[in-house]
Structure formats: C-alpha cells, structure tokens
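Take a look at the structure set out below.
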Protein chains: 2
Amino acid sequence: MRYGRRHLRRGYGMGHGWWQGRFRGCGYRITVPREEILSVLSNTSEHLSAEEIYMKVHKTYPGLGLTTVYRTLELLEEMGIVIRIDAGDGRARYELAEGPKGRRHHHHLICAKCGKVIDYTDFIEDEKELISKTESGLSKKYKFKILNHEITFYGLCDACK
Amino acid sequence: MRYGRRHLRRGYGMGHGWWQGRFRGCGYRITVPREEILSVLSNTSEHLSAEEIYMKVHKTYPGLGLTTVYRTLELLEEMGIVIRIDAGDGRARYELAEGPKGRRHHHHLICAKCGKVIDYTDFIEDEKELISKTESGLSKKYKFKILNHEITFYGLCDACK
DNA sequence: TTATTATTGAAAATCATTTTCATTATTGAA
DNA sequence: TTCAATAATGAAAATGATTTTCAATAATAA
Ligand SMILES: [Mn+2]
Ligand SMILES: [Mn+2]
Ligand SMILES: [Zn+2]
Ligand SMILES: [Zn+2]
C-alpha cells in the first residue's frame with residue numbers, strides 16, 4: 001500500500017486543514033486518503049455519493065479503495081463533519097456539514113425524477129421561529145431529545161418537468 | 001398458487017374497500033395479496049417495513065411471497081396510497097398516505113438510535129403558513145415544481161436517551 | 001365457461017454497503 | 001532518526017434489502 005504523499009497538493013497551508021485538529025483530538029490519524037476525501041468534499045457544491053467521491057479522488061490518487069471512502073464518510077458523519085442525505089435513489093449522498101468551515105444551515109429540494117439535490121437557504125429566518133417553537137413543544141410532549149431537523153421539498157426540477 | 005379466498009375476513013363490507021375503485025380505474029386487478037397488505041396497513045399505526053408487513057400477513061395468509069409485498073408497496077406508492085419513509089436504517093418503512101381513508105397530514109420524529117418513528121400533527125397550522133410561503137418562493141426561484149414536503153426531527157426517543 | 005393476460009411466488013440476480021484479514025502507514029517514544 | 005505499537009488501508013468476500021426472471025395461476029371480460 002503506497003501512499004505517495006510527495007506530490008499531492010493540499011489547501012490550508014501544507015497539510016494543516018481545519019479538520020486536522022479535530023482528528024488529533026479524537027485520536028484519529030491524519031492520512032492521505034482522508035485528506036483527499038475531505039479535499040473533494042471541500043471543493044464541490046454538489047451532493048456526491050460514495051462512488052462519485054471515489055472516482056474523483058481516484059484521478060489524482062488511484063491507490064484509494066472504495067472501502068476506505070465508505071469508512072471515512074462514516075467516520076466524518078459520526079464526527080459531525082459531513083451530513084448524509086438520502087435522495088430516495090438507493091444510495092447515500094454526502095456534503096460538508098454547516099459550521100465555520102462548512103456550509104451554512106440550509107435545506108433541500110429533491111427532484112423525484114433525476115435525483116438532483118438543490119440547496120436553499122431562503123426563508124431560514126421564518127423557519128427558525130417555527131422550528132424552535134415546534135421543537136420545544138415536541139420534545140416535551142413526546143419526551144424526545146431533538147438533535148436536528150430536516151425540511152425537504154420533493155418535486156420536479158426545471159429539466160425534468 | 002392457492003389463493004384460498006374463502007375464510008379471509010375483510011373490513012369495508014365484504015371485499016369492497018375504499019381503494020378497490022381506484023384499482024379498477026387504473027386497470028389493476030383486485031387480489032387477495034393486495035387486500036391483505038392493505039388490510040395490515042389500515043389496521044396499524046406503526047411504520048412497517050416490507051418484511052414486517054410480510055410477516056403480519058403471513059399469519060393469516062401463509063401463501064404470500066415477500067416479492068409480492070415489495071411489488072404491491074411499489075404500486076401503492078406510485079398510486080399515492082402509501083408513503084415510503086426512510087428512517088436511516090437501510091430499510092424502507094410504509095404507512096397509509098393522508099386522505100379521506102388514510103391518516104391526516106403529519107410529520108415525523110425519528111429516533112437516531114432505535115429507529116422508532118413517531119407521528120406528530122402539532123403546529124400544523126403554523127407550518128402551513130411557512131410551507132406555502134416557502135413553496136411559492138422556491139418554485140419560482142429554482143423553477144422547481146414542488147409536489148410535497150417533509151419535515152423530520154431526528155433525535156433520541158424517551159427509551160433511548 | 002373460456003380466453004386473455006395481469007399477478008404471483010420461488011429462485012436467482014443486483015447493488016450499495018459492510019466485514020474480514022493480511023499488509024502498510026502513522027505516531028509517539030526512545 | 002529509529003522503532004514498536006497499532007490505527008488505517010485495500011482487496012476480496014459477505015451481507016442484506018430490493019429487483020428481476022420466468023413458469024404457473026388467478027382475475028376479468030366476453
Ligand atoms: Mn445541501
Ligand atoms: Mn407517519
Ligand atoms: Zn430532475
Ligand atoms: Zn429510540
């Protein structure tokens with residue numbers, strides 16, 4: 001297994017991405033596959049599947065295995081660094097979570113035909129009100145500890161309708 | 001393949017469920033497997049998986065095949081009679097859609113640990129406002145034809161937290 | 001009844017994701 | 001720098017939900 005770190009370009013000043021601290025803190029190691037996968041996620045606005053990420057990384061780093069992509073995504077999701085999205089077409093899609101270095105809070109429009117996922121941040125203010133009100137009401141009534149929410153609209157994108 | 005229609009009890013006055021008209025209208029045939037599957041869905045408030053439906057029907061009608069459950073659910077979803085829910089644990093769950101004979105409009109609380117799905121209808125009025133406003137804004141901005149929406153809260157149920 | 005053909009169930013096939021396991025890379029300590 | 005401990009990796013095999021195939025059978029209209 002040849003990692004070949006030598007000629008890989010990275011952002012964030014020579015191998016010190018914002019996420020490296022969090023990895024260290026959890027006792028996880030910083031590896032080239034992990035750097036590459038995070039690099040792909042950082043440089044796209046799409047909602048990529050594991051295989052799509054695999055193929056993108058594969059171009060510059062052919063040694064990567066699909067297994068590692070799945071494992072890394074699982075880890076990143078557990079750490080709250082990425083979010084998994086289910087567009088209804090049997091395969092999960094991923095994107096960087098909101099946060100200082102990630103995107104900001106948003107929701108999705110999903111095309112029922114082609115599976116396209118569109119981000120939207122409109123009406124977030126009005127949403128916040130409803131959500132916080134609903135959240136406190138529900139957590140009391142159902143004795144449920146709410147961790148996050150999702151608002152999704154399903155329909156047909158411009159190309160599909 | 002023995003259907004054994006004889007001793008099966010049905011609701012809705014001897015084999016004339018509310019859905020039979022819709023089936024006829026689409027040229028679909030009314031069969032015992034379909035009756036049984038719809039009967040299970042009509043008599044539960046749970047969100048059952050294909051296999052759970054299969055097992056429930058199996059008690060009174062052992063001839064049923066799991067394949068038929070999947071096929072029937074696909075058909076019912078396409079007809080808008082059932083709704084498919086993804087609770088994040090690799091298997092789809094189903095429930096009767098809203099409507100005259102189905103449930104009323106509601107959303108879900110999903111336990112991230114045990115996968116339990118809880119229905120809620122609280123704050124639907126406030127929601128309606130936000131949703132219709134958001135919907136018209138988004139469909140214009142993104143040229144998207146919105147067909148339906150989903151609001152889901154993820155967290156830990158009483159038993160799991 | 002009878003003919004037509006939609007529907008069914010069993011078995012095989014798919015396909016995304018997970019597991020296994022031997023090899024290799026990362027890291028902290030010497 | 002060197003080295004030992006062990007976390008991470010990749011290939012291949014396994015899994016598990018869902019689909020497909022196909023010959024047999026049931027539902028429907030005539
Ligand atoms: Mn997004
Ligand atoms: Mn429900
Ligand atoms: Zn589309
Ligand atoms: Zn739970």
Side-chain angles (χ1 to χ4, degrees), chain A residues 1-6 8 15-17 20-21 23-38 48-55 57-58 61-79 82 84-94 115, chain B residues 1-6 8 15-17 20-21 23-38 48-55 57-58 61-79 82 84-94 115:
Chain A
M1 207 184 325
R2 169 134 292 196
Y3 274 17
R5 152 165 277 182
R6 234 158 306 216
L8 295 168
H16 295 84
Q20 302 206 353
F23 266 66
R24 284 256 155 64
C26 295
Y28 298 134
R29 294 181 180 176
I30 290 152
T31 67
V32 177
R34 287 172 177 175
E35 285 180 315
E36 292 294 306
I37 289 165
L38 273 157
L48 302 170
S49 67
E51 182 134 32
E52 286 168 335
I53 292 168
Y54 168 72
M55 291 192 297
V57 174
H58 200 266
Y61 181 56
L64 182 77
L66 182 55
T67 308
T68 300
V69 177
Y70 277 107
R71 266 188 302 231
T72 301
L73 289 169
E74 185 185 15
L75 183 69
L76 293 173
E77 193 198 5
E78 176 188 301
M79 293 174 77
V82 307
R84 190 209 309 254
I85 297 151
D86 170 53
D89 62 336
R91 60 192 183 152
R93 302 179 161 281
Y94 300 82
Chain B
M1 203 185 325
R2 168 137 292 196
Y3 275 18
R5 154 165 274 185
R6 235 160 305 217
L8 298 168
H16 294 87
Q20 302 207 351
F23 266 66
R24 284 254 155 65
C26 296
Y28 298 134
R29 294 180 179 176
I30 290 152
T31 68
V32 177
R34 287 172 177 174
E35 286 181 313
E36 292 294 307
I37 289 166
L38 273 157
L48 303 170
S49 67
E51 182 134 31
E52 286 168 336
I53 293 167
Y54 168 73
M55 292 191 298
V57 173
H58 200 264
Y61 181 56
L64 183 76
L66 181 54
T67 308
T68 300
V69 176
Y70 277 107
R71 267 189 302 232
T72 302
L73 289 170
E74 185 185 15
L75 183 69
L76 292 173
E77 193 197 6
E78 176 188 301
M79 292 175 75
V82 307
R84 189 209 310 254
I85 297 151
D86 171 54
D89 62 335
R91 59 192 184 150
R93 302 179 161 281
Y94 299 83

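Naming convention: chains lettered A, B, ... in sequence-line order (proteins, then strands); numbering from 1 in each chain.
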Inter-residue atom distance Ile37(A).CD1 - Leu75(A).CG, 0.5 Å rounding | 10.0 Å
Among the nucleotides dG10(D), dA16(C), dT18(D), whichever has the atom closest to the side chain of Arg91(A) is dA16(C)
Of Leu66(B) and Tyr28(B), whose nearest nucleotide on DNA chain D comes first from the 5' end?
-> Leu66(B)
Can you tell me the distance, in whole Å, between the CZ atom of Phe23(B) and the P atom of dA26(D)?
-> 19 Å
Nearest-Å distance for atom pair CG/C1', residues Asp86(B) and dA17(D) | 12 Å
Pairing nucleotide - dA29(C), Watson-Crick or G-U, each distance under 3.5 Å | dT2(D)
Between P of dT17(C) and CD of Glu78(A), the distance in whole Å | 17 Å
Spatial distance of atom CZ (Arg34(A)) from atom CZ (Arg29(A)) [nearest 0.5 Å] | 9.5 Å
Tyr54(A) atom OH is separated from dA11(D) atom P, nearest whole Å, by 7 Å
Please determine if Arg84(B) and Asp86(B) form a salt bridge, counting it only when a charged side-chain N lies under 4.0 Å from a carboxylate O.
-> no
Examine dT20(D): is either OP1 or OP2 under 4.0 Å from a nitrogen or oxygen in the side chain of Thr67(B)? Give yes or no.
-> no
Which listed nucleotide (dT18(D), dG10(D), dA27(D)) is nearest to the side chain of Ala50(B)?
-> dT18(D)
Can you find a donor-acceptor pair, distance only, under 3.5 Å between Arg29(A) side chain and dG28(C) base?
-> no
Rounding to a whole Å, what distance do you find between Glu74(A):CD and dA16(C):P?
-> 18 Å
Would you give the length of the straight line joining atom CZ of Arg93(A) to atom CG of Leu73(A), rounded to the nearest 0.5 angstrom?
-> 12.5 Å
Leu48(B) atom CG is separated from dT18(D) atom P, nearest whole Å, by 13 Å
Starting from P on dA11(D), measure out to NE2 on His58(A) and report it in whole angstrom.
-> 8 Å
Is the phosphate of dT18(D), meaning OP1 or OP2, less than 4.0 Å from a side-chain N or O of Tyr70(B)?
-> yes
Using a heavy-atom cut-off of under 4.0 Å over every strand shown, decide if Arg34(B) touches base, sugar-phosphate, or nothing.
-> sugar-phosphate
So what's dA17(D) paired with, Watson-Crick or G-U wobble, going by both distances under 3.5 Å?
-> dT14(C)
Given dG10(D), dT27(C), dA8(D), which nucleotide is nearest the side-chain atoms of Ile30(A)?
-> dT27(C)
For Tyr54(A), the ring-ring contact (aromatic ring centres under 6.0 Å, His included) test, sequence neighbours excluded, returns His58(A)
CG of Asp89(A) versus C1' of dC15(C): gap in Å, rounded?
-> 12 Å
